[in-house]
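This report refers to the structure that appears directly beneath it.
All chains are named by letter (A, B, ...) in the order of the sequence lines, taking the proteins before the strands, and each is independently numbered beginning at 1.
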Amino acid sequence: MIDLKDLRDNPDKYKDGARAKGVAVDIDRLLELDTQHRALLAEQESQRATQKKLSKEIGPQIGTLRKQLKTVPETHSSEIESQIRELEEKPLQLKNRIAELDEQIAAIKPKLETILLAIPQPPDPDVPPGTSEADNVQLRTWHPNWFNPSKSFVDNKGFAPRTHMQLAEMHNLVDFERGVKMSGSRSYILTGDGARLHQAILRLAFDFITTEHGFVGCTVPVIVREEMMVGTGFFPAGHDQAYHIEESKRGSGHDLFLTGTGEVSLMAMHADEILSADQLPLQYATVSTCFRREAGAAGKDTAGLYRIHQFDKVEQVVICKADETESRQWHQKMIGIVEALLQKLEFPYRLLQCCTGDLGPKNADMIDIESWMPSRGDVDADGNPAGAWGETHSASRLYDYQCRRLNLRYRNDQGKTVFCHSLNNTVLASPRVLIPLLELYQNEDGSITIPKALQPYMNNQQRIG
RNA sequence: GGUGGGGUGGCGGAGCGGUUGAACGCGCCGGUCUUGAAAACCGGUAUACGCCUCGGCGUAUCAUGGGUUCGAAUCCCAUCCCCACCGCCA
């Protein structure tokens, strides 16, 4: 959520921001509604003030008259009753006017909030303009000595690559058919060493972020209330991407949603709280199952483990003071953690500065990290895929956009309550990450060397096949 | 799933239709006293929004949302949450 007061002062900042992100939102309409809303509120409040004052005068008078009614002979009672009635009628006009104003305010408020929630965070000025991921800008790349993605796979390893699907089939690592039988398209079963690799790499990532980088590990609910989806900024825009559990249809007071990332629960933990400054920064990590409907992605990346409905992800979030410099430092630090992990695994990767159109509604800035996936990209004359970068990580910087929605604040040195800043980044998501693992570490005979960093988590096993 | 009891400020805990944003205690902050500290005493101590002559003023908030009433923390309804017991269960 953006700051309505700031929007009043700088409407163009938000109009430009929405335009840069390609989000259609009627900010002029919001300003109009806001003006109306405030006028009504002012009148309603002053009417209420008069009503309160009047009530305090009348109240005791009615009280005394009622007491009199009990003691006085019946001959006088009708006179007292009419006095009471007279007093009671006094605030009636006010009451009607207030009810009228209440109604008008109640009619405007949801309209106002709908627009307010839809206004995206303006991109930072240093974010390059663009309309889609095609306009993202490569910042830097890294690769191990033994695999340079600027050369072909054959040049790197001396043989033609198999895809992760072929490798998975060879070694019975994934059962796509039965996964689909059970749960439809984009479903899978990790089996045998596939399941072990998955657990091993998640555990490696979880240990790395918690023990080496001091993030507090948490297990969190992956089924949450709608307000948490709204609070973290995934709703309303991402409503179609979330699985919806309609508990209200079964008599419950509210529906639930499956989270598409551990970020939701990690951030929602402190919703509606006022933290003390010395609690900050909060560094949390979780490994959680993520659910994504992939609505609108029909036909895209349908084969293999790339785009699936359910996966597991180690996620990191930071909640820090409302300080841009600190926020930016954390962003760099969180990216550095991922780079260190990928270097441990010896995966070639690159950093991409996402352009304005690719940021999503809540981010001021986003850096994607992509790992080299030999099976992606165009197929050459020999029938070998050229390989391509595939997104494995995404590091977001949100200022107070998310904390404002979550009502997550802290008390600063002056004792004022201030919305925190928040950031999040993938640590590692599997099984997508098994794509580079299997494909990069395959040998000519189809066997797979297990990365050194992973071997301790695989009972010191060195190869598959 | 069933039955019963509850949700009041940072915490504990009163209030159960009329100057109650809320007694009292604890905690916290400031002050007096003290060489210093403690004790004692005095004062202060919520959040949000709106208005504004930047000193304030107003409104809302006693789980949440409705309702009754001239007036609701207090009465009614719905929902959420917590606790206890029973049932079911990894």
Side-chain angles (χ1 to χ4, degrees), chain A residues 1-9 30-31 33-70 80-110 112-113 116 219 221-231 245-257 268-279 289 400 403-420:
Chain A
M1 179 131 58
I2 55 107
D3 183 357
L4 185 55
K5 281 182 202 157
D6 191 44
L7 179 114
R8 281 175 203 146
D9 297 339
L30 175 74
L31 290 169
L33 289 168
D34 177 50
T35 309
Q36 286 174 27
H37 181 245
R38 277 191 294 166
L40 289 168
L41 212 59
E43 195 194 338
Q44 185 223 39
E45 282 180 5
S46 80
Q47 297 277 16
R48 238 192 250 277
T50 334
Q51 186 196 32
K52 259 180 111 163
K53 218 190 263 170
L54 204 58
S55 193
K56 274 176 188 168
E57 285 169 25
I58 291 171
Q61 289 177 37
I62 292 177
T64 4
L65 286 171
R66 286 220 174 113
K67 267 177 212 156
Q68 276 179 31
L69 209 56
K70 283 177 190 163
I80 293 172
E81 273 167 5
S82 77
Q83 278 179 38
I84 293 177
R85 222 169 299 126
E86 210 175 292
L87 283 171
E88 282 179 351
E89 273 166 18
K90 267 186 158 179
L92 227 55
Q93 241 183 330
L94 280 173
K95 204 195 170 188
N96 290 337
R97 179 60 187 153
I98 291 168
E100 222 174 273
L101 289 163
D102 275 345
E103 234 169 83
Q104 291 177 28
I105 289 169
I108 284 187
K109 227 179 156 182
L112 204 150
E113 269 166 11
L116 192 60
T219 70
V222 295
I223 313 169
V224 301
R225 299 183 173 198
E226 183 164 17
E227 56 203 276
M228 299 311 168
M229 299 299 279
V230 174
I245 304 168
E246 294 186 296
E247 281 296 292
S248 61
K249 286 195 173 165
R250 308 173 66 188
S252 172
H254 56 81
D255 286 353
L256 294 164
F257 294 85
M269 279 201 286
H270 291 288
D272 291 317
E273 290 183 23
I274 302 174
L275 305 166
S276 66
D278 56 20
Q279 283 177 272
T289 304
D400 64 2
C403 292
R404 197 176 278 281
R405 286 177 171 241
L406 285 167
N407 196 26
L408 200 180
R409 295 165 291 171
Y410 73 101
R411 212 173 288 284
N412 71 8
D413 299 337
Q414 287 84 48
K416 282 242 184 316
T417 56
V418 185
F419 292 106
C420 302

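- With sequence neighbours excluded, the residues satisfying side-chain contact (heavy atoms from CB on, under 4.5 Å) with A:E45 are A:L41.
- In terms of heavy atoms, A:C420 sits closest to A:C403 at O-CB, 3.2 Å.
- Evaluation of the side-chain hydrogen bond (donor to acceptor under 3.5 Å, both in side chains) rule for A:R8 yields A:D34 as partners, not counting sequence neighbours.
- Using a 4.5 Å heavy-atom cutoff, the side chains of A:Q104 and A:Q36 are not in contact.
- Taking the P atoms as reference points, B:U20 lies 12 Å from B:A73, given to the whole Å.
- Atom-to-atom, CD of A:E227 to P of B:U79 comes out at 17 Å; the value is rounded to the nearest Å.
- The CZ atom of A:R225 sits 14 Å away from the P atom of B:G65 (whole-angstrom rounding).
- Residue contacts for A:K5: at a heavy-atom cut-off of 4.0 Å it reaches the sugar-phosphate backbone alone, with no base atom in range.
- Remark: A:F419 pairs with no residue by the ring-ring contact (aromatic ring centres under 6.0 Å, His included) rule, at least two apart or across chains.
- With both ends at atom P, the span from B:C70 to B:G7 equals 29 Å, rounded to whole Å.
- Applying the side-chain hydrogen bond (donor to acceptor under 3.5 Å, both in side chains) rule to A:Q44 yields the partners A:D102; only residues at least two apart in sequence or on another chain are considered.
- Shown here are the side-chain contact (heavy atoms from CB on, under 4.5 Å) partners of A:S276, two or more places apart in sequence or in another chain: A:D278, A:Q279.
- Listed by residue number, there are no residues of residues 98-107 of chain A with a heavy-atom contact under 4.0 Å to RNA chain B.
- Remark: P of B:A48 and CD of A:E113 are 17 Å apart, rounded to the nearest angstrom.
- As rounded to the nearest Å, B:C82 and B:U32 have C1' atoms that lie 45 Å from one another.
- Counting non-hydrogen atoms of neighbouring residues, nucleotides and ligands closer than 6.0 angstrom, the CD atom of A:E103 reaches no more than 12 such neighbours.
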What nitrogen or oxygen pairs link the protein and nucleotides 87-89 of chain B at under 3.5 Å?
none

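- Residue A:L40 contributes atom CG, which lies 19 Å from atom P of B:C49 at whole-angstrom precision.
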Table please: side-chain donor-acceptor pairs of residues 224-231 of chain A below 3.5 Å, with sequence neighbours left out.
unit_1 : atom_1 : unit_2 : atom_2 : d
A:R225 : NH2    : A:H254 : NE2    : 3.1

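- The side chain of A:T417 sits closest to B:U47 out of B:U47, B:G50, B:C80.
- B:A14 and B:C62 have their C1' atoms separated by 12 Å, given to the nearest Å.
- Between the CD atom of A:E273 and the P atom of B:U47 there is a distance of 15 Å, given to the nearest Å.
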Are there any protein N/O atoms within less than 3.5 Å of an N/O atom in nucleotides 59-63 of chain B, and if so, which ones and at what distance?
unit_1 : atom_1 : unit_2 : atom_2 : d
B:A60  : OP2    : A:K52  : NZ     : 3.0

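- B:A84 and B:U45: their P atoms are spaced 38 Å apart (whole Å).
- Within a 6.0 Å radius of CD1 in A:I245, more than 12 heavy atoms belonging to other residues, nucleotides or ligands are found.
- Nucleotides B:G21 and B:G30 have their C1' atoms positioned 23 Å apart, rounded to a whole Å.
- Closest heavy-atom contact between A:L116 and A:L4: CD1-CD1, 4.1 Å.
- Rounded to whole Å, atom P of B:A46 lies 18 Å from atom CG of A:N407.
- Judged by distance alone, with hydrogens and angles left aside, the side-chain atoms of A:D400 form no donor-acceptor pair with the main-chain N or O of A:R404 at under 3.5 Å.
- Every residue was checked against the side-chain contact (heavy atoms from CB on, under 4.5 Å) condition with A:K52, not counting sequence neighbours, and none meets it.
- Under the 4.5 Å side-chain criterion, counting only non-hydrogen atoms from C-beta, A:L408 is not in contact with A:D272.
- The NZ atom of A:K109 sits 12 Å away from the C1' atom of B:G65 (whole-angstrom rounding).
- Nucleotide B:G65 holds its C1' atom 16 Å from the CD atom of A:E226, rounded to whole Å.
- Using a 4.0 Å heavy-atom cutoff across all strands shown, A:R404 reaches no nucleic acid atom at all.
- Position along RNA chain B of the nearest nucleotide to A:Q51 versus A:R38 favours A:R38 as the more 5'-ward residue.
- Summary of the strand contacts: A:K95 and A:L41 both lie near RNA chain B, and taking for each the nucleotide with the nearest heavy atom, the more 5' one is attributed to A:L41.
- Here B:A46 is the nucleotide among B:A48, B:C49, B:A46 with the atom lying nearest to any side-chain atom of A:R411.
- Spacing of C1' atoms, B:C26 relative to B:U74, comes out at 26 Å, to the nearest Å.
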Study note, to complete from the structure: Applying the Watson-Crick and G-U criteria (both distances under 3.5 angstrom) with [ ] for crossing and | for other-strand pairs, one obtains for RNA chain B ((((((((.[[[..)..(.....]]]((((((.......))))))((((((....)))))).[[[[[..)....]]]]])))))))....

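- Residues that satisfy the ring-ring contact (aromatic ring centres under 6.0 Å, His included) test with A:H270, not counting sequence neighbours, are A:Y284.
- Remark: the separation of the P atoms in B:C81 and B:A63 is 16 Å, to the nearest Å.
- Here the CG atom belonging to A:D9 is positioned 8.5 Å from the CG atom belonging to A:D3, to the nearest 0.5 angstrom.
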